[in-house]
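Beneath this line is the structure, given in structure tokens, with notes to follow.
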Number of protein chains: 4
Amino acid sequence: MSTHPTGKRTGRPRSASADLAILEATRAALVELGWGKLTMSDVAGRAGVAKTTLYRRWANKHDLAVDAVAVLFDELQLPDLGSLRADVEGVVLQFAALLERPEAKTALMAVVAEATNDAALRLRIRSSIVDRQKRLVVEGRRRAQRRGEIPPDPPGTDPAPQIDLIFDVIAGAVVHRTLVSGEPVDATWVAGFTALLLTGLASA
Amino acid sequence: MSTHPTGKRTGRPRSASADLAILEATRAALVELGWGKLTMSDVAGRAGVAKTTLYRRWANKHDLAVDAVAVLFDELQLPDLGSLRADVEGVVLQFAALLERPEAKTALMAVVAEATNDAALRLRIRSSIVDRQKRLVVEGRRRAQRRGEIPPDPPGTDPAPQIDLIFDVIAGAVVHRTLVSGEPVDATWVAGFTALLLTGLASA
Amino acid sequence: MSTHPTGKRTGRPRSASADLAILEATRAALVELGWGKLTMSDVAGRAGVAKTTLYRRWANKHDLAVDAVAVLFDELQLPDLGSLRADVEGVVLQFAALLERPEAKTALMAVVAEATNDAALRLRIRSSIVDRQKRLVVEGRRRAQRRGEIPPDPPGTDPAPQIDLIFDVIAGAVVHRTLVSGEPVDATWVAGFTALLLTGLASA
Amino acid sequence: MSTHPTGKRTGRPRSASADLAILEATRAALVELGWGKLTMSDVAGRAGVAKTTLYRRWANKHDLAVDAVAVLFDELQLPDLGSLRADVEGVVLQFAALLERPEAKTALMAVVAEATNDAALRLRIRSSIVDRQKRLVVEGRRRAQRRGEIPPDPPGTDPAPQIDLIFDVIAGAVVHRTLVSGEPVDATWVAGFTALLLTGLASA
DNA sequence: TTCTAACCGAGACGGTACGTCCGGTCTTCAA
DNA sequence: TTGAAGACCGGACGTACCGTCTCGGTTAGAA
């Protein structure tokens, strides 16, 4: 979210449409130029807005980028495909498709890089992007437990660490495959990954 | 690697110590400043070298960063700890320790980010950093097969995709946990991750 | 003068006190900051007034400055000191004292500078500041003629060019001495200047 | 003069031609745009030079302007026209012609305005522009003394105050007539002014 | 007394220049 | 030929200010 003044009343109110135009312009510029060539002036120009207006709402390029791409991640869904295997494959393919989009991958990696020594940015990424997608793991896990595909939570146990673990493994594998190894996430790879995730190395 | 002139003989030879000093200075600057504040002038100053010397050996900032951190990843080892579980836990802890080092994580993410739209840099990262660590998976897998912990490769099958998969899962999970989720990789998490990797979700 | 609405009757009338507060604030800001650092926001703040209020009354910074300093020049007087020499010395000292005031000199030069390519501003300066001070020359000259210190106007001659000339010589010399040469206008200089003005170079 | 590094030896030397190109570009920009619209970027562009190069040599717009116009004033000459009256008329006309040039008048007034609260700039103006033109008064006075048109310096007297006075009166009258009163300096006015200067008010 | 038009403070807006910084190149002299 | 030094071009940065605009709210005179 952009930085909104909190308790103010007076003065001309900020243009609501400007926020949307700026975020859209940011994504468009990321697609065309990539992170390194992205400039605030260019974004302002595309959005039909003055540079001042950007800086009034976001402190810098990285904060703006987080907001610009966060909405993309909210598009991920988990339709019930009938089995844990199918559900996992479905979400992995969706996530891989998202990471193919230049604005998503380029912005995500750039802000993560900057966040390695910027605690505030780290928090912003977590709250705006990462934590919101854990809903997918929570839901998929609940379904699989109902179907009896995985054991129910033992009473008195906090499921959060397990949820975080599964999330890091799935998201991490896809991100690493796509952005570090630089190989495509195709049906074959997804099938292999899902099999490994469900039954483990020992039976691979 | 820095770019060494190939067939030249005459003239003053390049200072051999300069390469090491520059790479060391780069790592030091990364620790103190992070990627965003890192400047070539600063690196040159720390290394007691002129900017010209940097550019004579590396084409740009990103190439220099790749070389500066690549050597860190070569320190990873896979001592035989007697079981697949122990070997996995050992290497995960080593890798996590490496990613705790600011110069490693900050440079790695920065170059990966830039590589999202720079194919040449992508290749350089793969050859200098990523592919060289697959040796760890190859070796661990061979040992586990000898011990009978995992089945041998079926004849006529290329083991490479399986190796790549395991590598992406392990490296991806640790990277995502550390840099995206921003949570520590401690003994508890490593145990849980290793259990999941060995036996899969179904039995978790 | 500030721009007053002409034929209007209804609605809330403009605050009369605001005009004075704004002009006073402008002079104070000029003293402290000089022309280059003077900002409309700052003036508004000092006057306890919104920026809108300034722009409702003056079209821009330069017009405001002209009005702010014009009143200072109206303070100049020409008491009858008994002789042309004494009258000239008296008015020169007064004028020099005025130009010592930072708000006067800084604003005067700034608007003159801007006026070099702004005809409207040039007119405004002449009508608000320059022409109004010619009264001093007219009066001093009339007195000297009565005393017989200078010859009477020949019949059929327009005295205006002569008045303008004397005005430019006196005002110009003081302004140049103070603002361009940057030397003080002290009693010695005034005596020398008056002697030169009265009897000319040949007898100096 | 631009700011030249003093005791340095090493490194690429500053481009000598850049100085000239920048000063010429500054004058051209002043003619076209006037002071208020003059920008450093524009000057840099006209000179075919980077903005950094400007700031490496001049601290700001005003210092640059002083140097850019100073050379114009050095063009003033004092050919011997045979009499003091003719010499005065000649130099006044030359000076008036100079002040008709937009780059001269606009820059001169702007820097004088800024100098009203900038002591360093005041010094720069004096040394680069003002003091150098006193040579004209010195020479004209010497000639007139030789011709017997004005009395010789009394022994034991410092002629400097008298020179400064004459300079301020002549330059001040022309500047005030041109820039403040906004009236032309034509032959009629010059004749009247010279007469006043030579014989004084009493005989006018 | 109520209406209402013009006023007011506050502050966001588009635009534009500022002066700084850095990436990557080029030019000099010395080793 | 390499190296140190540092000037060079190009261009983005984030800030500051101008003059305009849009709010909600106030105030005096007209109805």
Side-chain angles (χ1 to χ4, degrees), chain A residues 5 8-15 18 36-45 47-61, chain B residues 5 8-15 18 36-42 44-45 47-62, chain C residues 5 8-15 18 36-42 44-45 47-62, chain D residues 5 8-15 18 36-45 47-61:
Chain A
K8 311 305 181 69
R9 280 298 117 195
T10 65
R12 177 173 173 176
R14 290 196 179 161
S15 160
K37 306 283 184 185
L38 178 72
T39 74
M40 296 298 260
S41 285
D42 184 271
V43 171
V49 142
K51 213 167 34 140
T52 345
T53 301
L54 266 66
Y55 283 105
R56 215 175 276 120
R57 300 171 189 221
W58 290 275
N60 53 55
K61 226 165 120 170
Chain B
K8 313 301 182 70
R9 278 304 120 193
T10 67
R12 175 174 171 177
R14 285 194 181 165
S15 161
K37 306 284 184 184
L38 177 72
T39 73
M40 296 298 262
S41 288
D42 183 89
V49 142
K51 240 186 348 163
T52 330
T53 304
L54 266 65
Y55 282 104
R56 223 176 262 122
R57 299 172 189 218
W58 289 274
N60 54 53
K61 211 169 137 174
H62 293 106
Chain C
K8 313 301 183 71
R9 278 303 120 194
T10 67
R12 177 176 173 177
R14 289 195 181 159
S15 160
K37 305 284 183 183
L38 178 73
T39 73
M40 295 299 262
S41 287
D42 184 89
V49 141
K51 231 178 7 152
T52 330
T53 302
L54 266 65
Y55 282 104
R56 224 176 264 122
R57 300 170 190 221
W58 290 275
N60 54 54
K61 214 168 132 173
H62 293 106
Chain D
K8 310 304 181 68
R9 279 300 120 194
T10 66
R12 176 174 174 175
R14 290 196 179 161
S15 161
K37 305 284 184 186
L38 178 72
T39 74
M40 296 297 260
S41 286
D42 183 90
V43 171
V49 142
K51 215 169 28 143
T52 9
T53 300
L54 266 65
Y55 282 106
R56 215 176 276 118
R57 298 171 190 220
W58 291 275
N60 53 55
K61 225 165 121 170

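Every chain is numbered from 1, with letters handed out A, B, ... down the list of sequences. Computed from heavy atoms alone, side chains included, the values below leave out hydrogens, waters and symmetry copies.
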Quiz item: Which whole-number value in Å describes the distance from A/K37 NZ to E/dG23 P?
Solution: 13 Å
Quiz item: Any side-chain N or O of D/T53 less than 4.0 Å from the OP1 or OP2 oxygen of F/dC9?
Solution: yes
Exercise. Would you mind reading off the distance between A/M40 atom CE and F/dG14 atom P, rounded to a whole angstrom?
Key: 6 Å
Quiz item: So how far is it from C/M40 CE to C/L38 CG, rounded to the nearest 0.5 Å?
Solution: 8.0 Å
Quiz item: If you take all heavy atoms of D/R14 and D/R56, which pair is closest and at what distance?
Solution: NH2-O, 3.4 Å
Quiz item: To the side chain of D/P13, which of E/dT28, F/dA4, F/dG14 is closest?
Solution: E/dT28
Quiz prompt | Spacing of B/R57 atom CZ relative to F/dT1 atom P, expressed in whole Å | solution = 16 Å
Quiz item: Given atom CH2 of C/W58 and atom P of F/dC18, what is their separation to the nearest angstrom?
Solution: 15 Å
Quiz item: E/dG11, E/dG14, F/dA5: which one has an atom nearest the side-chain heavy atoms of A/T10?
Solution: E/dG11
Quiz item: Could you give the distance from CZ (A/R57) to OG1 (A/T52), rounded to the nearest 0.5 Å?
Solution: 11.0 Å
Self-check item: Interatomic distance where CG belongs to C/L54 and C1' belongs to F/dC21 [whole Å]
Solution: 16 Å
Practice problem: Over all heavy atoms of both residues, which pair between A/A44 and A/A50 is shortest? Give the atoms and the distance, please. | Solution: CB-C, 4.0 Å
Exercise. Decide yes or no, distance alone: a donor-acceptor N/O pair under 3.5 angstrom between the base of F/dG19 and the side-chain of C/K51.
Key: yes
Exercise. Round to the nearest Å and state the distance from D/L38 atom CG to E/dA17 atom P.
Key: 10 Å
Quiz item: When you match B/A18 and C/N60 each to their closest nucleotide on DNA chain F, which lands nearer the 5' end?
Solution: B/A18
Quiz item: Nearest 0.5 Å, what's the OH-CG distance between A/Y55 and A/N60?
Solution: 8.0 Å
Quiz item: Are any of A/R14's side-chain N or O atoms less than 4.0 Å away from OP1 or OP2 of F/dC21?
Solution: no
Quiz prompt | Residue-phosphate contact under 4.0 Å: A/R56 side-chain N/O, E/dC13 OP1/OP2 | solution = yes
Quiz item: Is the shortest side-chain N/O distance from C/R12 to OP1 or OP2 of F/dG29 below 4.0 Å?
Solution: no
Practice problem: Please figure out whether B/S41 or C/G48 has its closest DNA chain E nucleotide nearer the 5' end. | Solution: C/G48
Quiz prompt | Integer-rounded Å distance: F/dC8 P and B/Y55 OH | solution = 18 Å
Quiz item: Any donor-acceptor pair under 3.5 Å between the side chain of C/T52 and the base of E/dA10?
Solution: yes
Quiz item: Over how many whole Å does the gap from D/K61 atom NZ to E/dA17 atom P extend?
Solution: 9 Å
